[in-house]
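Inspection log for the structure reproduced underneath, given as structure tokens.
Whatever order the structure lists ligands and atoms in, that order sets their numbers, starting from 1. Quantities reported herein were computed from a predicted structural model and do not represent experimental measurements.
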Amino acid sequence: VGRRHVARALAPERIVRLDEDAVVILDQRRLPEEVVELRLASVGELAEAIHALAIRGAPAIGVAAAYGLALAAEREEDLEAAFDVLASTRPTAVNLRWALEEMRGDPTRDHALAIHRAEVERCRRMASHAAGLLGAGSRVYTHCNTGGLATGGYGTALGAIRTAWERGLVEQVWVGETRPLLQGARLTAWELEQLGIPFAIVADGAAAALMAEGEVDCVLTGADRIAANGDTANKIGTYGLALAARHHGLPLYVVAPTSTLDPSALSGADIPIEERAPAEVSRRFPARNPAFDVTPAELIEAIVTEEGFHRPPYAMSLPTTVQA
Ligand code: MRU
């Protein structure tokens with residue numbers, strides 16, 4: 001697959017953009033089978049799409065919401081109502097509320113575009129820092145989807161893998177399926193295939209055994225919200241991966257922009273965890289569906305933002321403001 005094709009499929013404006021009369025997204029529910037756009041002509045439609053994960057990933061939903069607020073402002077709609085509808089779609093990813101707050105003072109399309117561009121730029125900077133943590137021949141385990149799709153361009157943990165691959169450091173990527181909605185098996189696999197990076201999908205339950213076999217060198221994940229003490233909410237299953245990594249003496253690195261930091265949450269106990277419909281887990285039997293878990297800071301070797309590496313104690317080392 002040529003580089004131009006990759007650039008087209010994962011270009012920031014294909015993942016999410018604001019057209020004249022609609023927010024347009026790549027419908028992530030249809031990937032990888034179909035690459036189709038979805039036009040969302042109102043804040044209500046956009047909110048539904050975010051809730052249904054047609055667009056998902058912490059920075060990407062923040063960018064989409066910013067475009068939605070700009071659309072509402074151009075139509076002279078009630079911006080407080082639009083803010084509330086969009087903010088309530090997903091409770092865990094703090095980027096959503098952060099981007100909406102950013103838009104309050106200047107709800108224009110230019111401002112939304114600037115937020116989008118800044119998020120992609122942050123991704124590139126943090127990827128470059130995080131790639132520096134990997135040695136030659138790295139076999140990296142990753143969870144969920146943290147690539148261009150999740151961020152509106154380039155990616156957090158997957159961006160770091162991409163940069164490390166370009167530097168010749170990556171031998172293999174293990175992609176955990178990410179039950180129940182398969183962001184790993186559908187979206188991360190699709191992105192890696194286009195980038196030409198060697199990977200294999202594994203069932204989530206295979207992670208610890210792969211580590212025990214000596215087939216993993218490190219774990220790289222993104223984050224949906226990071227508390228002041230470094231406790232990190234991310235896709236359900238991250239906590240289990242962190243425990244397995246610690247048991248096997250492997251580092252878990254969290255890669256996230258400063259827009260994912262929430263200094264007002266003192267610890268993971270202050271982070272709201274989204275519970276989704278049980279039917280996503282089982283249509284036939286009773287089920288529980290927490291969409292995220294909290295990995296305690298003590299299990300995280302380093303948190304990487306666009307500013308660089310942050311090591312424990314995170315209360316001292318994490319930035320407290322978002323860098324422009
Ligand atoms: O429920 P999702 O698919 O929105 O969850 C996304 C994740 O958990 C990602 O790992 C996270 O947003 C960080 S990467 C941008």
Side-chain angles (χ1 to χ4, degrees), residues 10 12 15-16 25-29 31 47 49-65 89-99 116 119-120 122-124 126-127 130 140-162 175-191 204 219-226 232-242 252-262 271-277 280-281 289-295 300 303-306:
L10 290 170
I15 296 161
V16 55
I25 63 169
L26 200 56
D27 190 340
Q28 298 191 29
R29 295 168 301 184
L31 290 169
I50 294 173
H51 183 70
L53 309 197
I55 182 162
R56 32 63 52 203
I61 58 177
V63 170
T89 52
R90 302 206 65 195
T92 302
V94 76
N95 304 62
L96 175 60
R97 186 163 278 276
W98 170 81
H116 190 179
E119 283 294 44
V120 177
R122 277 192 271 275
C123 282
R124 288 186 177 275
M126 84 184 82
V140 183
Y141 191 104
T142 192
H143 187 55
C144 197
N145 171 264
T146 64
L149 293 169
T151 55
Y154 208 77
T156 58
L158 198 55
I161 290 169
R162 182 171 171 180
V175 179
E177 278 181 306
T178 321
R179 291 276 167 189
L181 296 177
L182 303 179
Q183 288 92 333
R186 294 185 303 108
L187 307 176
T188 300
W190 184 71
E191 290 197 37
D204 295 328
V219 180
L220 247 60
T221 72
D224 284 76
R225 190 185 299 225
I226 301 175
T232 294
N234 192 48
K235 178 55 56 195
I236 192 78
T238 305
Y239 177 34
L241 272 176
L252 166 87
Y253 301 117
V254 169
V255 188
T258 47
S259 52
T260 302
L261 303 177
D262 181 6
I271 300 178
I273 298 296
E274 177 181 2
E275 283 267 347
R276 294 185 61 82
E280 289 180 349
V281 174
N289 191 9
F292 299 94
D293 57 25
V294 173
T295 297
I300 301 169
I303 295 173
V304 185
T305 71
E306 71 274 15

Which of the numbered atoms in ligand 1 are under 4.0 angstrom from any heavy atom belonging to [X]?
{"X": "T146", "answer": "10 (O), 14 (S)"}
{"X": "A58", "answer": "12 (O)"}
{"X": "T151", "answer": "15 (C)"}
{"X": "A150", "answer": "15 (C)"}
{"X": "N234", "answer": "7 (C), 8 (O), 9 (C), 10 (O), 11 (C), 13 (C)"}
{"X": "K235", "answer": "1 (O), 2 (P), 5 (O), 8 (O)"}

4.0 Å heavy-atom contact, A291 with ligand 1 = no
ask   = Going by heavy atoms, is A223 under 4.0 Å from ligand 1?
value = yes
request  = First locate atom CD1 of I236, then atom CD1 of I273, and finally report the distance between them rounded to the nearest 0.5 Å.
outcome  = 7.5 Å
key: Distance (rounded to the nearest 0.5 Å) between I226 CD1 and T305 OG1   = 8.5 Å
Check: [X] N/O within less than 3.5 Å of ligand 1 N/O:
{"X": "T156", "value": "no"}
{"X": "F292", "value": "no"}
{"X": "G222", "value": "no"}
{"X": "H143", "value": "no"}

ask   = What pair of heavy atoms forms the shortest contact from A157 to T142, and how long is it?
value = CB-OG1, 4.4 Å
note = Exactly one of T146, L158, V175 clears side chain to side chain contact (heavy atoms under 4.5 Å, CB included) with E191, and that residue is L158
message = Could you check whether R56 and Q28, counting side-chain N and O atoms only, form a donor-acceptor pair closer than 3.5 Å?
response = yes
query = Do T258 and E306 have a side chain donor and acceptor closer than 3.5 Å?
reply = yes
message = Within the 4.5 Å heavy-atom criterion, are D262 and R97 side-chain neighbours or not?
response = no
key: Flag side-chain contact, heavy atom, 4.5 Å: T92 against I271   = yes
key: Selection from D224, T232, D293 by shortest heavy-atom distance to atom 7 (C) of ligand 1   = D224
request  = Could you pull out, from Q28, R225, R90, the option with a heavy atom nearest to atom 2 (P) of ligand 1?
outcome  = R90
remark   = When distances are taken from atom 15 (C) of ligand 1, the protein heavy atom at minimum range is P59 CD, 3.4 Å
key: ligand 1-proximal atoms of Q183, by part, heavy-atom distance under 4.0 Å   = side chain
message = Under 4.0 Å, heavy-atom basis, I'd like to know which part of C144 is in contact with ligand 1: side chain, backbone, both or neither.
response = side chain
ask   = Quick check: does any side chain N or O of N234 sit under 3.5 Å from a backbone N or O of T221, one acting as donor and the other as acceptor?
value = no
ask   = Within the distance-only criterion (no hydrogens, no angle test), does the side chain of R186 pair as donor or acceptor with the backbone N or O of L31 below 3.5 angstrom?
value = yes
ask   = Got more than 12 heavy atoms from elsewhere within 6.0 Å of OH, Y239?
value = no
